[in-house]
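Reviewing the structure listed below.
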Amino acid sequence: MSQTNSAIAPQYVQLAKCPTGIQGLDEITDGGVPQGRPTLVCGSAGCGKTLLGMEFLVRGATQYGEPGVFIAFEETAEELAQNVASLGWDLNQLIADNQIAIDCFYIDPTEIQETGDYDLEGIFIRLGLAIDRLGAKRVVLDTIEVLFAGLSNVTIVRAELRRLFHWLKAKGVTAIITGERGESSLTRQGLEEYVSDCVIRLDQRTQDELSTRRLQIVKYRGSHHGSNEYPFLIDKDGISVLPITSVGLNHGVSTDRVPTGIAQLDAMLGGKGYYRGSSVLVTGMAGTGKSTIGAHFAAATCQRGERCLYIAFEEAPQQILRNMRSVGLDLAPYMEKGLLQIESLRPTTHSLEQHLVQIHRWLSTSHPTTVVIDPISNLPLTGTMMQTKSFFMRLIDHLKAQQITLFMTNLIASGTPMEHTEIGISSLMDTWLEVRSIEHNGERNRLLQVLKSRGMSHSNQVREFRITSQGLELVNVYLGQGQVLMGTARAIQEVADDKARVERQQQVAVRRRQLEQQRQATQTQLAMLQLQLEAESTEFNHLLEEERLYEAAMLQDKATIAQLRQAD
């Protein structure tokens, strides 16, 4: 019975995929676009449709050994080669090597006169010849809407496009067709109803003067795929798509500990420092030493021979190096060795999604074990609080999955509660340190405390710390006169306590001398009394001996007299 059930059990067949080679896109499509089928890429002008199609061909030729054909309806081969040269792609060389073929169709509506029935057989022939000559596996048609602009008989064009898409399937090539976005549909002419296996929508939005490109898999028949909107970047390496969903809470954890770079702070954290792969937050007002604590952690990472990525949103790299030298911390040798990478940029340079994509790219190129972000308090300028918290949730989950320790500083505005972050991410932190400054007697002094540190024993004491020319120094908070004393008040009280201690020591010394003198006098008296006692004892014994001798003599005399009387 079991064999029969096994024989008739349905078998799941994975849909054949064609990897695009585009960073992140293959991840959210679960392997790439459908192999041997057309895929529609739609969007408004300037959103990256042509570049996506071109990168699909270039990656296919250079990474997967699959030649491709690019049919352009708007640009020439020379223009396309110039456009992608900045990305490091030598399109002319790929053409010369028969890896890519570009065929351009220029259609000028003013030069076309429609009479009777017609078809697009010419495109079929030219495309078929290019595919057969190269043995092409990939095809890009960009942008198909141009055909509609040149030919007014929409019915014929649509019928011919339907025939073209079926023809591409029959040829067994994987095709990407780009189309302009319509008012109420994905494309102006409703191409999605013809290319329905996979539809990718590209979008470019501007909010608060910040532009963000987004990608969404609208439809993918027969395959699992991500359905969210994903931000993507276009830079010198091409297109990078970043999944915005969180990795989840199933990441591994480590019991390894990494030093903080400050021995006294390690002691406050059970003597070993932070957990590897944990998230650390330092909050405090301006000037409390948050950046200095972060720089010490970065230096400790490099001292172990590990890499650190330092992302600064307020200071330039050279400014950071100069400032840290004033506290005895020279970070330049670590940068020269490639252990420390400092990236400085303004928060408003990118949107939150673009920042996330950029951080992912830095992580993939530098492979750090720790990341320092200083500070995070300006990031809400590029999005709402909800978007900012979502940004950090995705970043923290990704770093935890990679076992990368994250150290962040957050500026607290004056007058706000200290144990508070405007972004509301303190609950996501594994270790939370708070630094504050207290004004007293005309001076400011710094304090540090561990608000929480999950999974380890940690000190509940508030510690005073000093920024010196030799680095950071944590000292025990001085308690005196029923209050916590710091700075000058601490020094004055310590001097007063030292003076009182010296006076007490002097008093004890004087009393000790007096008692010693009294002891010596007493011992002398005891010695004299002992001698007197011994003399008196000797004299008494002498008297006893004399008495004994006297008695003996008397007895002897009596005996002698008695004898004499008997003699008579």
Side-chain angles (χ1 to χ4, degrees), residues 19 22-32 215 217 224-233 237 239-260 272-282 294 297-298 300-301 304-311 339 341 343 350 352-374 376 379 386-410 423-432 452-456:
I22 298 174
Q23 181 179 353
L25 182 56
D26 291 337
E27 178 183 349
I28 61 178
T29 55
D30 196 21
L215 179 148
I217 311 298
H224 171 77
H225 64 278
S227 58
N228 292 322
E229 287 188 333
Y230 302 95
F232 71 95
L233 284 181
D237 297 319
I239 293 177
S240 296
V241 184
L242 180 67
I244 64 172
T245 52
S246 177
V247 175
L249 298 176
N250 57 349
H251 51 75
V253 295
S254 173
T255 57
D256 293 339
R257 304 284 281 272
V258 290
T260 66
K272 299 179 181 179
Y274 313 121
Y275 277 122
R276 184 180 295 276
S278 63
S279 54
V280 182
L281 176 67
V282 179
F297 179 58
T301 300
R304 299 192 303 272
E306 300 178 9
R307 298 179 184 273
C308 176
L309 172 62
Y310 193 112
I311 303 173
L339 296 175
Q341 177 181 348
E343 299 290 346
H350 303 304
L352 287 172
E353 290 81 2
Q354 289 174 309
H355 277 301
L356 195 57
V357 172
Q358 184 61 69
I359 292 174
H360 275 245
R361 177 157 293 175
W362 287 330
L363 294 175
S364 63
T365 56
S366 61
H367 305 289
T369 60
T370 62
V371 174
V372 177
I373 303 180
D374 177 43
I376 64 172
L379 285 174
M386 181 177 297
Q387 292 171 338
T388 306
K389 187 169 184 178
S390 175
F391 165 86
F392 283 110
M393 290 179 67
R394 282 141 40 196
L395 175 61
I396 291 170
D397 283 347
H398 177 74
L399 294 179
K400 283 182 179 292
Q402 302 295 321
Q403 288 294 292
I404 298 175
T405 309
L406 173 63
F407 183 100
M408 301 186 294
T409 68
N410 183 61
I423 304 173
I425 62 169
S426 58
S427 61
L428 304 176
M429 297 295 104
D430 297 305
T431 299
W432 185 7
K452 74 172 182 178
S453 193
R454 293 169 176 163
M456 68 177 72

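Because only heavy atoms are used, hydrogens play no part in the values below, and waters and symmetry mates are left out as well, while side chains stay in.
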Q | Side chains of His398 and Leu363 in contact at under 4.5 Å (non-hydrogen atoms) | A | yes
Q.
Test of understanding: with side-chain hydrogen bond (donor to acceptor under 3.5 Å, both in side chains), list the residues that count as partners of Ser278, not counting sequence neighbours.
A. none
Q: Just jot down the ring-ring contact (aromatic ring centres under 6.0 Å, His included) partners of Phe297, sequence neighbours excluded, or say none.
A: Tyr274, Phe407
Q. Who pairs with Glu343 by side chain to side chain contact (heavy atoms under 4.5 Å, CB included), at least two apart in sequence or on another chain?
A. Leu309, Gln341, Trp362
Q. Quick one: side chain to side chain contact (heavy atoms under 4.5 Å, CB included) partners of Thr369, sequence neighbours excluded?
A. Arg276, Thr301, Glu306
Q: Go through the structure and list residues passing side chain to side chain contact (heavy atoms under 4.5 Å, CB included) with Lys272, not counting sequence neighbours.
A: Arg257
Q | Min side-chain heavy-atom separation Leu281-Ile376 under 4.5 Å | A | yes
(Q) Looking at every non-hydrogen atom in both residues, tell me the closest pair between Leu352 and Leu379 and how far apart they are. (A) CD2-O, 3.8 Å
**Q.** Counterpart residues, salt bridge (charged side-chain N to carboxylate O under 4.0 Å, His left out), relative to Asp26 (two or more places apart)
**A.** none
Q.
Keeping Asp30 on the side-chain end and His225 on the backbone end, is there a donor-acceptor pair under 3.5 Å?
A. no
Q. Between Phe232 and Ile22, does a side-chain contact (heavy atoms from CB on, under 4.5 Å) hold up when you go through it step by step?
A. CA-CA 11 Å; Phe232 71 95; Ile22 298 174; over 6 Å; no
Q: Just jot down the side-chain hydrogen bond (donor to acceptor under 3.5 Å, both in side chains) partners of Thr29, sequence neighbours excluded, or say none.
A: none
Q | Sole residue of Thr260, Thr405, Val282, Val280 in side-chain contact (heavy atoms from CB on, under 4.5 Å) with Thr431 | A | Val280
Q.
Counting C-beta onward and ignoring hydrogens, is there a side-chain heavy-atom pair between Leu215 and Leu25 closer than 4.5 Å?
A. yes
Q: Give, for atom CZ of Arg304 and atom CG of Leu339, the distance between the pair rounded to the nearest 0.5 Å.
A: 11.0 Å
Q: Apply ring-ring contact (aromatic ring centres under 6.0 Å, His included) to Tyr310 and list each qualifying residue two or more places apart in sequence or on a separate chain.
A: none
Q | Main-chain N/O of Ile28 paired with Tyr230 side-chain donor or acceptor, under 3.5 Å | A | no
**Q.** Set of residues satisfying side chain to side chain contact (heavy atoms under 4.5 Å, CB included) with respect to His367, sequence neighbours excluded
**A.** none
Q) Among Asp374, Ile373, Val372, Ile311, whose side-chain contact (heavy atoms from CB on, under 4.5 Å) with Met408 holds? A) Ile373
(Q) When you measure from the side chain of Ser279 to the backbone of Asp430, do you find a donor-acceptor pair of N or O atoms at a distance under 3.5 Å? (A) yes
Q. Which pair of heavy atoms, one from Gln403 and one from Ser254, lies closest together, and at what distance?
A. OE1-CB, 3.0 Å
Q. How far apart are the C-alpha atoms of Leu406 and Lys400, what are their side-chain angles, what is the distance that settles it, and do they pass the side-chain contact (heavy atoms from CB on, under 4.5 Å) test?
A. CA-CA 8 Å; Leu406 173 63; Lys400 283 182 179 292; over 6 Å; no
Q) NZ/Lys452 to OG/Ser427 distance, rounded to the nearest 0.5 angstrom? A) 6.5 Å
